[in-house]
Amino acid sequence: MEVVVGRVAKSHGIRGELAVDVRTDSPEERFREGAVLSARYRDGRTRQLTIAAARPHSGRLLVTFEEVRSREDADAVRGVLLLADTADLPPTDDPDEFYDHELEGLRAELADGTKVGTVQEIVHAPGGELLSLDRDGRTVLVPFVREIVPVVDVAGGRVVLDPPEGLLDDEE
């Protein structure tokens with residue numbers, strides 16, 4: 001299984017450097033020299049890219065790949081998603097820390113066991129993380145904070161919600 005660790009935003013300069021929007025908590029590990037990532041194009045094609053160098057710049061990483069050596073090469077990979085194999089991810093030491101792929105697909109339920117929906121994805125918004133739930137074909141965003149999501153039971157395949165009034169109400 002693969003997990004998204006970044007997205008190529010644009011080319012930078014004339015030597016093939018790329019500005020990457022990072023989507024991982026451990027960019028120093030994911031974007032270290034010699035790391036190999038899968039690049040997924042919009043049309044579904046994939047290819048392997050090897051990190052030659054990476055450095056922070058204006059809230060992004062500027063990344064050089066061994067396979068991308070010119071501005072033209074860089075423009076050709078603009079917009080690709082960068083993926084890492086989940087088997088390569090180090091275990092988290094913090095019991096309150098989770099990888100996105102561990103949460104996706106979990107059953108969302110209330111404390112009494114009533115099913116609310118299924119976690120589709122984790123949305124990384126400027127104000128914090130949100131659980132995107134599929135609730136009978138409708139998407140509901142739930143703030144991923146302890147007050148609203150007091151229990152995350154990955155082994156049990158569930159998250160328990162304690163939503164404030166109105167959060168899960170059906171909109172008419």
Side-chain angles (χ1 to χ4, degrees), residues 1-106 108 117-135 137-145 149 152 154 157 159:
M1 177 181 213
E2 292 181 311
V3 61
V4 176
V5 295
R7 185 185 68 77
V8 175
K10 63 181 183 171
S11 54
H12 181 84
I14 60 171
R15 294 196 172 107
E17 199 169 35
L18 295 157
V20 172
D21 291 323
V22 176
R23 296 185 187 170
T24 177
D25 288 341
S26 51
E28 62 287 338
E29 175 66 23
R30 297 288 121 233
F31 293 94
R32 75 184 186 292
E33 185 178 336
V36 178
L37 300 175
S38 292
R40 184 186 316 141
Y41 292 81
R42 290 185 179 117
D43 64 6
R45 290 179 299 128
T46 61
R47 72 185 272 204
Q48 301 297 108
L49 295 174
T50 306
I51 306 286
R55 61 188 174 96
H57 178 74
S58 299
R60 291 181 167 151
L61 278 183
L62 292 181
V63 179
T64 303
F65 294 103
E66 291 178 10
E67 300 81 0
V68 178
R69 289 305 195 190
S70 68
R71 174 72 178 227
E72 293 75 27
D73 290 347
D75 287 340
V77 295
R78 183 180 177 159
V80 301
L81 290 178
L82 301 170
L83 307 141
D85 191 330
T86 56
D88 295 336
L89 297 173
T92 58
D93 295 330
D94 185 345
D96 291 329
E97 204 171 285
F98 308 95
Y99 290 116
D100 291 2
H101 72 275
E102 293 177 306
L103 302 174
E104 293 166 354
L106 295 183
T118 304
V119 178
Q120 295 301 299
E121 68 176 316
I122 311 309
V123 177
H124 299 276
E129 281 73 34
L130 302 165
L131 298 179
S132 175
L133 304 181
D134 177 358
R135 184 158 183 184
R138 188 171 61 92
T139 299
V140 176
L141 297 176
V142 174
F144 190 30
V145 295
V149 187
V152 176
V154 174
V159 293

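Computed from heavy atoms alone, side chains included, the values below leave out hydrogens, waters and symmetry copies. In this text, all values refer to a predicted model and were calculated from it rather than measured experimentally.
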| field | Trace of the side-chain contact (heavy atoms from CB on, under 4.5 Å) decision for Leu103 with Phe144 | value | CA-CA 11 Å; Leu103 302 174; Phe144 190 30; 3.7 Å; yes

| Any sub-3.5 Å donor-acceptor pair from Arg71's side-chain atoms to Gly13's backbone N or O? | yes

| message | When you measure from the side chain of Arg40 to the backbone of Val80, do you find a donor-acceptor pair of N or O atoms at a distance under 3.5 Å? | response | no

| request: Can you establish whether the number of heavy atoms outside Glu33 located under 6.0 Å from its atom CD is more than 12? | output: no

| Just one of Leu131, Leu133, Val123 clears the side-chain contact (heavy atoms from CB on, under 4.5 Å) bar with Leu141, so which one? | Val123

| message | So Leu81 and Arg23, do their side chains get closer than 4.5 Å, heavy atoms only? | response | yes

| request: Decide yes or no for Arg60 and His12: does some side-chain heavy atom of the first lie under 4.5 Å from some side-chain heavy atom of the second? | output: no

| query | Does the side chain of Val77 reach to within under 4.5 Å of the side chain of Arg47, using non-hydrogen atoms? | reply | yes

| said: How close do Glu29 and Arg32 get, counting heavy atoms only, and between which atoms? | reply: O-NH1, 3.0 Å

| request: Please report the closest heavy-atom contact between Pro143 and Val149, naming both atoms and the distance. | output: O-CG2, 3.7 Å

| task | Please round to the nearest 0.5 Å and tell me the distance separating atom CG of Leu130 and atom CD of Glu121. | result | 10.0 Å

| query | Taking all atoms of both residues into account, what is the closest heavy-atom pair of Arg69 and Glu66, and its distance? | reply | NE-O, 3.4 Å

| message | As a quick check of understanding, evaluate side chain to side chain donor-acceptor pair (under 3.5 Å) for Ser11 and Glu17, giving each step before the final call. | response | CA-CA 6 Å; Ser11 54; Glu17 199 169 35; over 6 Å; no

| request: Go through the steps for Phe98 and Ile122 under the test side-chain contact (heavy atoms from CB on, under 4.5 Å), then give the verdict. | output: CA-CA 11 Å; Phe98 308 95; Ile122 311 309; over 6 Å; no

| Non-hydrogen atoms of Ala9 and Asp21 that approach each other most closely | CB-OD2, 3.7 Å

| field | Nearest non-hydrogen partners of Phe31 and Val63, listed with the distance | value | CD2-CG2, 4.1 Å

| task | Can you see which heavy atom on Gly16 is nearest to which on Val68, and at what distance? | result | O-CG1, 3.5 Å

| Does the side chain to side chain donor-acceptor pair (under 3.5 Å) test come out yes or no for Ser38 and Glu2, once each step is laid out? | CA-CA 9 Å; Ser38 292; Glu2 292 181 311; 2.9 Å; yes

| For Arg55, does the CZ atom sit with more than 12 other heavy atoms under 6.0 Å from it, leaving out its own atoms? | yes

| Spacing of Gln48 atom CD and Leu83 atom CG [to the nearest 0.5 Å] | 9.5 Å

| request: Sort out for me which residue in Thr50, Leu18, Asp73 forms a side-chain contact (heavy atoms from CB on, under 4.5 Å) with Phe65. | output: Leu18

